[in-house]
Colleague: 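What follows is a single structure, and I will ask about it in a moment.
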Amino acid sequence: AKVAELLHRLAADPANGIAQIVEGADVAALGGYPGASFVVGMKPGFAVGAAYTGPLLVTHAQTGTHGYLPDVAECYASFLIAGKGIAAGRDLGVIDMRRIAPTLAKAINVSLKDADQPLLPVFAGK
């Protein structure tokens, strides 16, 4: 309860860059972080750091990072695949990045026994 109170207080100040606090069962609905109590989604231009001391907010050079919820379009990336057995010209739309590894593994005939995500529809004839 104390953590929830603190997170929501921080999120109430737009200067902190917090877009959304996701809690409980809603965390699992995002498709990740099993067992997590909270996910802190940041606004574009803000990132979560790892410092335990010092100021709450610091400026830094913008680089690739984590901390954004899946609906932040500014963080979308391109996925291109080509090769033997790969269908040409398919538009996959927005994909779940967790589907990439099992798809690439199948393309090179490698087994990922613990991969639980469905393959992307990139294979010829499918």
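Heavy atoms only: backbone and side chains are in, while hydrogens, waters and symmetry mates are out. No experiment lies behind these values; they were computed from the predicted model shown.
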Colleague: Determine whether I18 and K43 satisfy the following criterion, side-chain contact (heavy atoms from CB on, under 4.5 Å), listing intermediate values before the conclusion.
Modeller: CA-CA 6 Å; I18 297 173; K43 294 177 184 175; over 6 Å; no
Colleague: Within the structure provided, determine whether N16 and F46 are in side-chain contact (heavy-atom separation under 4.5 Å).
Modeller: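 They are not in side-chain contact.
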Colleague: Do L56 and L7 share a hydrophobic cluster, counting only Ile, Leu, Val, Met, Phe, Trp and Tyr and linking them when any side-chain heavy atoms are less than 4.5 Å apart?
Modeller: yes
Colleague: Is any side-chain heavy atom of V40 closer than 4.5 Å to one of M42?
Modeller: yes
Colleague: Quick check on the hydrophobic clustering: are L119 and V110 connected, directly or via other members, by side-chain heavy-atom contacts under 4.5 Å?
Modeller: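 They do not share one cluster, since no chain of ILVMFWY contacts under 4.5 Å joins L119 to V110.
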Colleague: With hydrophobic residues grouped by side-chain heavy-atom distances under 4.5 Å, do V58 and V48 end up in a single group?
Modeller: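 Per the 4.5 Å side-chain linkage, V58 and V48 are not co-clustered.
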Colleague: Evaluate the side-chain proximity of P44 to V72: yes if any heavy-atom separation is below 4.5 Å, no if none is.
Modeller: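 Heavy-atom side-chain distance check passes, below 4.5 Å.
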Colleague: Run through L120, I86, L92, I100 and flag the one making a side-chain contact (heavy atoms from CB on, under 4.5 Å) with I81.
Modeller: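 Of the listed options, the one satisfying the test is I86.
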Colleague: Nearest 0.5 Å please: distance from the CD1 atom of I108 over to the NZ atom of K84.
Modeller: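 Those atoms lie 14.5 Å apart.
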Colleague: Taking Q117's backbone N and O only, do any of them form a donor-acceptor pair with R99's side chain (distance below 3.5 Å, no angle check)?
Modeller: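 No, because the side chain of R99 does not come within donor-acceptor range (under 3.5 Å) of the backbone of Q117.
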Colleague: Looking at CZ of F38 and CG of D26, how far apart are the two atoms once the value is rounded to the nearest 0.5 Å?
Modeller: 12.0 Å
Colleague: Do the side chain of R90 and the main chain of F123 share a donor and acceptor less than 3.5 angstrom apart?
Modeller: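 Yes, the answer is positive, given that a donor and an acceptor are paired below the 3.5 Å cut-off.
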Colleague: Would you say I95 and Y68 are hydrophobically clustered, going by side-chain heavy atoms of ILVMFWY under 4.5 Å?
Modeller: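 Per the 4.5 Å side-chain linkage, I95 and Y68 are not co-clustered.
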Colleague: For a 4.5 angstrom cut-off between non-hydrogen side-chain atoms, does P70 reach L30?
Modeller: yes
